[in-house]
Amino acid sequence: MANKNQMMVQEKNVTDIVLNRINKMQTEGSLQIPDNYSPENALKSAYLKLLETKDKNNNPVLKTCSEESIANSLLEMVVQGLNPMKNQGYFIPYGNKLTFTRSYLGTIAITKRLPGVKDVKGYAVYKDDEFETEFDLISGSLKVKKYVPNIKNRNPKDLIGAFALIIGEEDILHMEYMDMDQIRAAWNMGA
């Protein structure tokens, strides 16, 4: 019972400290929260995630990470307008410091908030797909010239890359392509 009460007190302290800081920043005009985002709900959700998060020695991060780094990671999450319960980011301990790292879904959520962005789509490219890109000298960007997926062959060993599109109201705003070597290198950058 004492351990449960101790965790509840810790939750109150760390989430209250962060929420008070957020409210002060909003009052000062130095922080704007996205529409339909509740810092209170995100902080409660984050605390539930933190209860499950362990360090590399399988110890709870709430006991091994500094209170300051926990508060800073929670503040970072709110400043970005993300929620870990929606898999928009992860809490990762580095020694006694906790960090918040935005996920792919978090990047999509942030991108969709930008003016003029309608949607973000990602597509896998397999060996037997017809896929061609071209470089547009006027915009200085890579564009998809042709993409015809072969839906009959979706074997993971035949995956050769992926591309993502940022879609505006009337046109594609940006396209990014990564081959499997680039994707693996990106995966290896994680904790």
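Quick caveat, the model's predicted, so the values are computed rather than measured.
- Side-chain atoms of S30 never come within 3.5 Å of backbone atoms of Q26 as a donor-acceptor pair (strictly under, hydrogens ignored).
- Each of L74, I70, N72, N23 was scored for a side-chain contact (heavy atoms from CB on, under 4.5 Å) with V18, with one residue passing: L74.
- Salt bridge status for D119 with K121: present, with a side-chain N to carboxylate O gap under 4.0 Å.
- If you take CG on L165 and NZ on K143, they are separated by 10.5 Å, rounding to the nearest 0.5 Å.
- Taking a cutoff of 4.0 Å between a charged side-chain nitrogen and a carboxylate oxygen, E130 and K146 qualify as a salt bridge.
- Remark: side-chain polar atoms of N20 are paired, donor with acceptor, to backbone N or O of D16 under 3.5 angstrom.
- Rounding to the nearest 0.5 Å places CG of D128 at 13.0 Å from CD1 of I151.
- Side chains of Q88 and R102: a donor-acceptor N/O pair is absent below 3.5 angstrom, by distance only.
- Between atom NZ of residue K97 and atom OG of residue S69 there is a gap of 6.5 Å, rounded to the nearest 0.5 Å.
- A centroid separation of less than 6.0 Å is found between the aromatic rings of Y147 and F163.
- Proximity of a side-chain donor or acceptor of T99 to a complementary backbone N or O of I92 within less than 3.5 Å is detected.
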Could you check R184 against D179 for salt bridge (Lys or Arg N to Asp or Glu O under 4.0 Å), going step by step and ending with a plain yes or no?
-> CA-CA 9 Å; R184 285 187 191 96; D179 63 33; over 6 Å; no
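- Looking only at side-chain heavy atoms (C-beta outward), V14 and Y47 come within less than 4.5 Å of each other.
- Remark: I166 CD1 to K112 NZ distance equals 11.5 Å, nearest 0.5 Å.
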